[in-house]
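Structure, as C-alpha coordinates:
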There are 2 protein chains.
Amino acid sequence: MPRPRTTETADRIRAAALELIAEKGVQQTSLREIAERVGITKPALYYHFASREELVRSLVRPLIDDVEAMLAAADAESGPRALLGAYFDVTYRNRHITQMIMRDLSVLALVDLTTAVATWRGRLVELLIGKDPTLAQQARAWMAIGGMDDCTAGFRDVPKEALREAVLDAALATLGR
Amino acid sequence: MPRPRTTETADRIRAAALELIAEKGVQQTSLREIAERVGITKPALYYHFASREELVRSLVRPLIDDVEAMLAAADAESGPRALLGAYFDVTYRNRHITQMIMRDLSVLALVDLTTAVATWRGRLVELLIGKDPTLAQQARAWMAIGGMDDCTAGFRDVPKEALREAVLDAALATLGR
DNA sequence: GTCTATACTGTGATAGAC
DNA sequence: GTCTATCACAGTATAGAC
(Lines give C-alpha, C1' and ligand atoms only; values in the text may rest on other atoms or scores of the structure.)
Protein backbone atom coordinates (compact mmCIF):
# COMPACT_ATOMS: atom_id res chain seq x y z
CA MET A 1 0.00 0.00 0.00
CA PRO A 2 1.48 3.36 -1.07
CA ARG A 3 1.98 6.08 1.48
CA PRO A 4 -0.83 8.64 1.57
CA ARG A 5 -0.29 11.14 -1.21
CA THR A 6 -0.64 14.86 -0.77
CA THR A 7 -3.88 16.13 -2.25
CA GLU A 8 -4.08 15.34 -5.93
CA THR A 9 -3.84 18.34 -8.22
CA ALA A 10 -7.09 17.41 -9.93
CA ASP A 11 -8.89 17.51 -6.59
CA ARG A 12 -7.36 20.86 -5.75
CA ILE A 13 -8.54 22.16 -9.12
CA ARG A 14 -12.05 20.91 -8.44
CA ALA A 15 -12.08 22.51 -5.01
CA ALA A 16 -10.84 25.86 -6.34
CA ALA A 17 -13.32 25.73 -9.20
CA LEU A 18 -16.23 25.07 -6.85
CA GLU A 19 -15.21 27.98 -4.62
CA LEU A 20 -14.89 30.45 -7.47
CA ILE A 21 -18.06 29.23 -9.14
CA ALA A 22 -19.95 29.61 -5.87
CA GLU A 23 -18.85 33.25 -5.79
CA LYS A 24 -19.38 34.24 -9.39
CA GLY A 25 -21.24 31.58 -11.33
CA VAL A 26 -20.06 29.03 -13.86
CA GLN A 27 -19.79 31.14 -16.99
CA GLN A 28 -18.29 34.07 -15.11
CA THR A 29 -15.37 32.01 -13.82
CA SER A 30 -12.39 31.71 -16.17
CA LEU A 31 -9.95 28.83 -16.30
CA ARG A 32 -7.13 31.29 -15.74
CA GLU A 33 -8.63 32.30 -12.38
CA ILE A 34 -9.00 28.69 -11.33
CA ALA A 35 -5.45 27.85 -12.34
CA GLU A 36 -4.16 30.94 -10.57
CA ARG A 37 -5.83 29.97 -7.29
CA VAL A 38 -4.36 26.48 -7.49
CA GLY A 39 -0.97 27.93 -8.29
CA ILE A 40 -0.52 26.39 -11.71
CA THR A 41 -0.78 27.69 -15.25
CA LYS A 42 -3.78 27.46 -17.53
CA PRO A 43 -2.30 24.78 -19.81
CA ALA A 44 -1.37 22.72 -16.75
CA LEU A 45 -5.04 22.69 -15.81
CA TYR A 46 -5.71 21.51 -19.32
CA TYR A 47 -3.61 18.47 -18.61
CA HIS A 48 -6.00 17.35 -15.87
CA PHE A 49 -9.25 18.25 -17.65
CA ALA A 50 -9.61 18.04 -21.40
CA SER A 51 -11.92 21.06 -21.44
CA ARG A 52 -13.90 23.45 -19.35
CA GLU A 53 -16.96 21.27 -19.86
CA GLU A 54 -15.22 18.21 -18.52
CA LEU A 55 -14.17 20.06 -15.39
CA VAL A 56 -17.72 21.23 -14.72
CA ARG A 57 -19.08 17.78 -15.50
CA SER A 58 -16.76 16.25 -12.93
CA LEU A 59 -18.18 18.70 -10.40
CA VAL A 60 -21.80 17.82 -11.13
CA ARG A 61 -21.28 14.07 -11.37
CA PRO A 62 -21.31 13.31 -7.61
CA LEU A 63 -24.77 14.82 -7.20
CA ILE A 64 -26.16 12.89 -10.16
CA ASP A 65 -24.69 9.63 -8.91
CA ASP A 66 -25.92 10.27 -5.39
CA VAL A 67 -29.48 10.95 -6.50
CA GLU A 68 -29.54 7.95 -8.81
CA ALA A 69 -28.28 5.67 -6.05
CA MET A 70 -30.97 7.01 -3.73
CA LEU A 71 -33.66 6.43 -6.36
CA ALA A 72 -32.44 2.91 -7.02
CA ALA A 73 -32.83 2.16 -3.32
CA ALA A 74 -36.16 3.96 -3.03
CA ASP A 75 -39.16 1.91 -2.07
CA ALA A 76 -42.44 2.91 -3.70
CA GLU A 77 -44.24 1.72 -0.58
CA SER A 78 -42.37 3.98 1.80
CA GLY A 79 -44.52 7.02 1.05
CA PRO A 80 -43.85 10.61 0.00
CA ARG A 81 -42.46 11.83 3.31
CA ALA A 82 -39.63 9.29 3.35
CA LEU A 83 -38.98 9.75 -0.36
CA LEU A 84 -38.79 13.54 -0.24
CA GLY A 85 -36.76 13.31 2.95
CA ALA A 86 -34.21 11.10 1.23
CA TYR A 87 -34.16 13.48 -1.74
CA PHE A 88 -33.58 16.45 0.54
CA ASP A 89 -30.73 14.67 2.30
CA VAL A 90 -28.96 13.98 -0.99
CA THR A 91 -29.31 17.49 -2.42
CA TYR A 92 -28.39 19.01 0.94
CA ARG A 93 -25.30 16.82 1.25
CA ASN A 94 -24.27 18.09 -2.20
CA ARG A 95 -25.66 21.57 -1.66
CA HIS A 96 -22.70 23.39 -3.16
CA ILE A 97 -23.42 21.61 -6.42
CA THR A 98 -27.17 22.14 -6.00
CA GLN A 99 -26.52 25.85 -5.55
CA MET A 100 -24.36 25.94 -8.65
CA ILE A 101 -27.05 24.26 -10.76
CA MET A 102 -29.93 26.30 -9.38
CA ARG A 103 -28.04 29.47 -10.10
CA ASP A 104 -27.56 28.50 -13.71
CA LEU A 105 -29.64 25.59 -14.97
CA SER A 106 -28.07 25.93 -18.39
CA VAL A 107 -24.86 24.34 -17.08
CA LEU A 108 -26.70 21.04 -17.31
CA ALA A 109 -26.95 21.55 -21.06
CA LEU A 110 -23.33 22.63 -21.18
CA VAL A 111 -22.16 19.38 -19.66
CA ASP A 112 -24.79 17.29 -21.41
CA LEU A 113 -26.51 16.15 -18.25
CA THR A 114 -29.97 17.61 -18.93
CA THR A 115 -31.52 14.27 -19.77
CA ALA A 116 -30.00 12.60 -16.73
CA VAL A 117 -31.64 15.14 -14.46
CA ALA A 118 -34.91 15.07 -16.42
CA THR A 119 -34.93 11.30 -16.03
CA TRP A 120 -34.63 11.29 -12.27
CA ARG A 121 -37.13 14.10 -11.99
CA GLY A 122 -39.57 11.98 -13.97
CA ARG A 123 -38.86 8.96 -11.80
CA LEU A 124 -39.46 11.04 -8.69
CA VAL A 125 -42.78 12.28 -10.05
CA GLU A 126 -43.79 8.71 -10.82
CA LEU A 127 -42.93 7.54 -7.32
CA LEU A 128 -44.83 10.47 -5.81
CA ILE A 129 -48.05 10.41 -7.84
CA GLY A 130 -47.92 7.45 -10.24
CA LYS A 131 -47.89 7.12 -14.00
CA ASP A 132 -49.85 9.39 -16.37
CA PRO A 133 -50.35 12.26 -13.96
CA THR A 134 -52.87 14.99 -14.77
CA LEU A 135 -51.58 18.48 -15.51
CA ALA A 136 -52.60 19.58 -12.02
CA GLN A 137 -50.65 16.70 -10.47
CA GLN A 138 -47.64 17.42 -12.62
CA ALA A 139 -47.66 21.08 -11.62
CA ARG A 140 -47.81 20.10 -7.95
CA ALA A 141 -44.96 17.63 -8.31
CA TRP A 142 -42.77 20.14 -10.17
CA MET A 143 -43.49 22.79 -7.58
CA ALA A 144 -42.64 20.44 -4.73
CA ILE A 145 -39.40 19.10 -6.20
CA GLY A 146 -38.20 22.36 -7.74
CA GLY A 147 -39.17 24.24 -4.62
CA MET A 148 -37.13 21.89 -2.44
CA ASP A 149 -34.09 22.43 -4.65
CA ASP A 150 -34.73 26.17 -4.56
CA CYS A 151 -34.87 26.24 -0.76
CA THR A 152 -31.83 23.99 -0.38
CA ALA A 153 -29.88 26.35 -2.62
CA GLY A 154 -31.31 29.55 -1.17
CA PHE A 155 -31.55 29.20 2.63
CA ARG A 156 -27.80 28.97 3.20
CA ASP A 157 -27.67 30.09 6.81
CA VAL A 158 -30.40 27.83 8.18
CA PRO A 159 -29.37 24.73 10.19
CA LYS A 160 -29.99 21.49 8.37
CA GLU A 161 -32.70 19.99 10.58
CA ALA A 162 -34.79 23.18 10.72
CA LEU A 163 -34.54 23.55 6.97
CA ARG A 164 -35.38 19.92 6.42
CA GLU A 165 -38.53 20.17 8.46
CA ALA A 166 -39.70 23.41 6.83
CA VAL A 167 -39.01 22.18 3.30
CA LEU A 168 -40.66 18.79 3.79
CA ASP A 169 -43.69 20.43 5.34
CA ALA A 170 -44.03 22.76 2.36
CA ALA A 171 -43.49 20.04 -0.24
CA LEU A 172 -46.05 17.73 1.34
CA ALA A 173 -48.57 20.57 1.48
CA THR A 174 -47.95 21.16 -2.21
CA LEU A 175 -48.65 17.53 -2.99
CA GLY A 176 -51.84 17.77 -0.96
CA ARG A 177 -51.03 15.32 1.79
CA MET B 1 -46.72 63.12 -38.79
CA PRO B 2 -43.91 61.10 -40.41
CA ARG B 3 -44.79 58.11 -42.53
CA PRO B 4 -44.68 54.82 -40.61
CA ARG B 5 -41.08 53.74 -40.30
CA THR B 6 -39.94 50.22 -40.94
CA THR B 7 -39.12 48.38 -37.71
CA GLU B 8 -36.36 50.11 -35.81
CA THR B 9 -33.03 48.33 -35.93
CA ALA B 10 -32.81 48.24 -32.14
CA ASP B 11 -36.12 46.38 -32.00
CA ARG B 12 -34.99 43.93 -34.63
CA ILE B 13 -31.83 43.32 -32.62
CA ARG B 14 -33.86 42.66 -29.49
CA ALA B 15 -36.14 40.27 -31.36
CA ALA B 16 -33.23 38.36 -32.89
CA ALA B 17 -31.46 38.20 -29.53
CA LEU B 18 -34.54 36.83 -27.78
CA GLU B 19 -34.97 34.14 -30.46
CA LEU B 20 -31.37 32.99 -30.31
CA ILE B 21 -31.28 33.13 -26.53
CA ALA B 22 -34.44 31.04 -26.35
CA GLU B 23 -32.68 28.40 -28.45
CA LYS B 24 -29.28 28.34 -26.83
CA GLY B 25 -29.23 30.36 -23.62
CA VAL B 26 -27.82 33.76 -22.81
CA GLN B 27 -24.17 32.93 -22.36
CA GLN B 28 -24.11 30.63 -25.36
CA THR B 29 -25.32 33.34 -27.74
CA SER B 30 -22.66 35.61 -29.22
CA LEU B 31 -23.10 39.16 -30.44
CA ARG B 32 -21.80 38.08 -33.84
CA GLU B 33 -24.66 35.59 -34.23
CA ILE B 34 -27.23 38.20 -33.26
CA ALA B 35 -25.78 40.77 -35.66
CA GLU B 36 -25.67 38.15 -38.42
CA ARG B 37 -29.35 37.30 -38.02
CA VAL B 38 -30.28 40.97 -38.19
CA GLY B 39 -28.08 41.41 -41.24
CA ILE B 40 -25.62 43.91 -39.78
CA THR B 41 -22.09 43.69 -38.42
CA LYS B 42 -21.05 43.40 -34.81
CA PRO B 43 -19.87 47.01 -34.41
CA ALA B 44 -23.14 48.22 -35.90
CA LEU B 45 -24.88 46.44 -33.05
CA TYR B 46 -22.70 48.37 -30.65
CA TYR B 47 -24.12 51.59 -32.03
CA HIS B 48 -27.52 50.58 -30.64
CA PHE B 49 -26.40 48.96 -27.39
CA ALA B 50 -23.37 50.10 -25.43
CA SER B 51 -22.57 46.56 -24.32
CA ARG B 52 -23.80 43.02 -24.26
CA GLU B 53 -25.11 43.57 -20.75
CA GLU B 54 -27.17 46.54 -21.82
CA LEU B 55 -28.80 44.52 -24.57
CA VAL B 56 -29.76 41.75 -22.15
CA ARG B 57 -30.93 44.29 -19.60
CA SER B 58 -33.23 45.86 -22.18
CA LEU B 59 -34.73 42.41 -22.73
CA VAL B 60 -35.40 41.80 -19.04
CA ARG B 61 -36.69 45.29 -18.27
CA PRO B 62 -40.27 44.83 -19.56
CA LEU B 63 -40.88 41.92 -17.19
CA ILE B 64 -39.51 43.84 -14.20
CA ASP B 65 -41.61 46.89 -15.01
CA ASP B 66 -44.70 44.79 -15.58
CA VAL B 67 -44.38 42.99 -12.25
CA GLU B 68 -43.68 46.20 -10.38
CA ALA B 69 -46.72 47.88 -11.90
CA MET B 70 -48.85 44.89 -10.92
CA LEU B 71 -47.52 44.99 -7.35
CA ALA B 72 -48.16 48.72 -7.09
CA ALA B 73 -51.77 48.12 -8.06
CA ALA B 74 -52.13 45.05 -5.84
CA ASP B 75 -54.62 45.23 -3.01
CA ALA B 76 -53.64 43.43 0.18
CA GLU B 77 -57.31 42.74 0.81
CA SER B 78 -57.91 40.90 -2.44
CA GLY B 79 -56.49 37.62 -1.16
CA PRO B 80 -53.87 35.15 -2.36
CA ARG B 81 -55.84 33.73 -5.28
CA ALA B 82 -56.25 37.12 -7.00
CA LEU B 83 -52.67 38.11 -6.18
CA LEU B 84 -51.09 34.92 -7.51
CA GLY B 85 -53.43 35.04 -10.49
CA ALA B 86 -52.22 38.53 -11.36
CA TYR B 87 -48.62 37.42 -10.89
CA PHE B 88 -49.15 34.46 -13.20
CA ASP B 89 -50.71 36.70 -15.86
CA VAL B 90 -47.70 39.01 -15.84
CA THR B 91 -45.05 36.29 -15.99
CA TYR B 92 -47.05 34.40 -18.61
CA ARG B 93 -47.47 37.51 -20.77
CA ASN B 94 -43.68 37.89 -20.63
CA ARG B 95 -43.01 34.16 -20.69
CA HIS B 96 -40.15 34.33 -23.19
CA ILE B 97 -38.29 36.49 -20.69
CA THR B 98 -39.40 34.30 -17.79
CA GLN B 99 -38.02 31.28 -19.64
CA MET B 100 -34.74 33.06 -20.27
CA ILE B 101 -34.33 33.95 -16.59
CA MET B 102 -35.40 30.54 -15.27
CA ARG B 103 -32.93 28.86 -17.56
CA ASP B 104 -30.09 30.96 -16.21
CA LEU B 105 -30.81 32.91 -13.03
CA SER B 106 -27.29 34.29 -13.11
CA VAL B 107 -28.27 36.65 -15.93
CA LEU B 108 -29.95 38.73 -13.26
CA ALA B 109 -26.57 39.28 -11.67
CA LEU B 110 -25.04 39.95 -15.07
CA VAL B 111 -27.42 42.79 -15.74
CA ASP B 112 -27.51 43.95 -12.12
CA LEU B 113 -31.18 43.26 -11.59
CA THR B 114 -30.88 40.73 -8.77
CA THR B 115 -31.99 43.16 -6.08
CA ALA B 116 -34.94 44.36 -8.15
CA VAL B 117 -36.23 40.80 -8.41
CA ALA B 118 -35.42 40.05 -4.77
CA THR B 119 -37.39 43.12 -3.78
CA TRP B 120 -40.57 42.17 -5.56
CA ARG B 121 -40.26 38.63 -4.35
CA GLY B 122 -40.08 39.97 -0.82
CA ARG B 123 -43.08 42.20 -1.40
CA LEU B 124 -45.02 39.25 -2.77
CA VAL B 125 -44.17 37.16 0.30
CA GLU B 126 -45.31 40.00 2.53
CA LEU B 127 -48.62 40.34 0.71
CA LEU B 128 -49.15 36.58 0.88
CA ILE B 129 -48.25 35.84 4.50
CA GLY B 130 -47.44 39.12 6.22
CA LYS B 131 -44.30 40.53 7.82
CA ASP B 132 -41.79 38.47 9.81
CA PRO B 133 -42.78 35.07 8.42
CA THR B 134 -41.56 31.92 10.14
CA LEU B 135 -39.08 29.71 8.28
CA ALA B 136 -41.89 27.29 7.43
CA GLN B 137 -43.98 30.12 5.97
CA GLN B 138 -41.02 31.46 4.01
CA ALA B 139 -40.31 28.04 2.54
CA ARG B 140 -43.94 27.71 1.47
CA ALA B 141 -43.96 31.15 -0.12
CA TRP B 142 -40.70 30.50 -2.00
CA MET B 143 -41.99 27.17 -3.20
CA ALA B 144 -45.24 28.70 -4.40
CA ILE B 145 -43.70 31.67 -6.21
CA GLY B 146 -40.65 29.87 -7.60
CA GLY B 147 -42.80 26.92 -8.58
CA MET B 148 -45.16 29.16 -10.54
CA ASP B 149 -42.23 30.67 -12.42
CA ASP B 150 -40.88 27.18 -13.02
CA CYS B 151 -44.18 25.93 -14.46
CA THR B 152 -44.67 29.05 -16.57
CA ALA B 153 -41.23 28.54 -18.06
CA GLY B 154 -41.48 24.77 -18.36
CA PHE B 155 -44.96 23.84 -19.58
CA ARG B 156 -44.61 25.47 -22.98
CA ASP B 157 -47.22 23.51 -24.89
CA VAL B 158 -50.08 23.85 -22.42
CA PRO B 159 -52.87 26.37 -23.21
CA LYS B 160 -52.85 29.40 -20.97
CA GLU B 161 -56.09 28.84 -19.08
CA ALA B 162 -55.40 25.19 -18.28
CA LEU B 163 -51.92 26.09 -17.09
CA ARG B 164 -53.23 28.99 -15.05
CA GLU B 165 -55.70 26.81 -13.22
CA ALA B 166 -53.20 24.03 -12.52
CA VAL B 167 -50.50 26.40 -11.32
CA LEU B 168 -52.80 28.44 -9.08
CA ASP B 169 -54.22 25.27 -7.58
CA ALA B 170 -50.73 24.01 -6.78
CA ALA B 171 -49.51 27.35 -5.39
CA LEU B 172 -52.55 27.74 -3.13
CA ALA B 173 -52.09 24.20 -1.84
CA THR B 174 -48.48 25.05 -1.05
CA LEU B 175 -49.57 28.09 0.95
CA GLY B 176 -52.03 25.90 2.81
CA ARG B 177 -55.30 27.51 1.73
C1' DG C 1 3.30 11.54 -15.53
C1' DT C 2 3.31 16.58 -14.84
C1' DC C 3 3.96 20.91 -16.31
C1' DT C 4 5.87 25.31 -19.40
C1' DA C 5 6.01 27.79 -23.69
C1' DT C 6 3.69 29.06 -27.34
C1' DA C 7 0.20 29.68 -30.66
C1' DC C 8 -4.54 29.54 -32.77
C1' DT C 9 -9.46 30.88 -32.81
C1' DG C 10 -13.33 33.44 -31.42
C1' DT C 11 -15.26 36.90 -28.25
C1' DG C 12 -16.59 41.53 -26.42
C1' DA C 13 -15.23 46.00 -27.31
C1' DT C 14 -13.25 50.56 -29.47
C1' DA C 15 -11.53 53.97 -33.12
C1' DG C 16 -12.23 56.10 -37.08
C1' DA C 17 -13.67 56.23 -42.21
C1' DC C 18 -17.80 56.77 -45.05
C1' DG D 1 -26.19 54.33 -39.05
C1' DT D 2 -23.06 51.26 -40.69
C1' DC D 3 -18.68 49.79 -42.04
C1' DT D 4 -13.30 48.17 -41.80
C1' DA D 5 -9.67 47.47 -38.91
C1' DT D 6 -7.93 46.40 -34.69
C1' DC D 7 -7.47 45.36 -29.61
C1' DA D 8 -7.05 42.47 -25.34
C1' DC D 9 -8.31 38.42 -23.50
C1' DA D 10 -10.85 34.06 -23.23
C1' DG D 11 -10.89 28.95 -24.12
C1' DT D 12 -8.48 25.57 -26.54
C1' DA D 13 -4.64 22.98 -28.24
C1' DT D 14 0.05 21.03 -29.13
C1' DA D 15 5.11 20.41 -28.65
C1' DG D 16 8.39 19.46 -25.79
C1' DA D 17 11.09 20.17 -21.10
C1' DC D 18 11.78 17.64 -16.83
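Proteins get letters first, then strands, A, B, ... in listed order; numbering begins at 1 in each.
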Self-check item: side-chain N/O A:Thr41 vs C:dC3 OP1/OP2, d < 4.0 Å
Solution: no
Self-check item: C:dG1 phosphate, OP1 or OP2, under 4.0 Å from A:Thr9 side-chain N/O
Solution: no
Self-check item: Atom-pair distance (CD on A:Glu8; P on C:dT2), nearest Å
Solution: 7 Å
Quiz item: So, do B:Leu71 and B:Tyr87 sit near enough that their side-chain heavy atoms are less than 4.5 Å apart?
Solution: no
Quiz prompt | Atom-to-atom span, CD of B:Glu53 to P of C:dA13 - whole angstrom | solution = 7 Å
Quiz item: For the side chain of B:Pro43, counting heavy atoms from C-beta on, which of C:dC3, D:dT12, D:dT4 is nearest?
Solution: D:dT4
Quiz item: To the nearest angstrom, how far is B:Glu36 atom CD from C:dG10 atom P?
Solution: 12 Å
Quiz item: If you pin A:Ala44 and B:Arg32 to their nearest nucleotides in DNA chain C, which one's is more 5'?
Solution: A:Ala44
Self-check item: For atom CD1 of A:Ile13 and atom P of C:dC3, their distance in whole Å
Solution: 8 Å
Quiz item: How many angstroms lie between CZ in A:Arg14 and CG in A:Asp11, if you round to the nearest 0.5 Å?
Solution: 5.0 Å
Quiz item: What's the CD-P distance between B:Glu54 and C:dG12, to the nearest Å?
Solution: 15 Å
Exercise. Nearest whole angstrom, please: distance from the P of C:dG1 to the OH of A:Tyr47.
Key: 6 Å
Quiz item: Quick one: do B:Met102 and B:Val90 end up in the same hydrophobic cluster if we chain Ile, Leu, Val, Met, Phe, Trp and Tyr together by side-chain heavy atoms under 4.5 Å apart?
Solution: yes
Quiz item: Please give, in whole Å, the distance from D:dT2 C1' to B:Leu45 CG?
Solution: 12 Å
Quiz item: Just how far, in rounded Å, is C1' of D:dA10 from CD1 of A:Ile34?
Solution: 12 Å
Practice problem: Look at A:His48 and C:dG1 and indicate whether a side-chain polar atom (N or O) is within less than 4.0 Å of OP1 or OP2. | Solution: no
Practice problem: Verify the neighbour count for atom CD of B:Glu165: are there more than 12 heavy atoms of other residues, nucleotides or ligands below 6.0 Å? | Solution: no
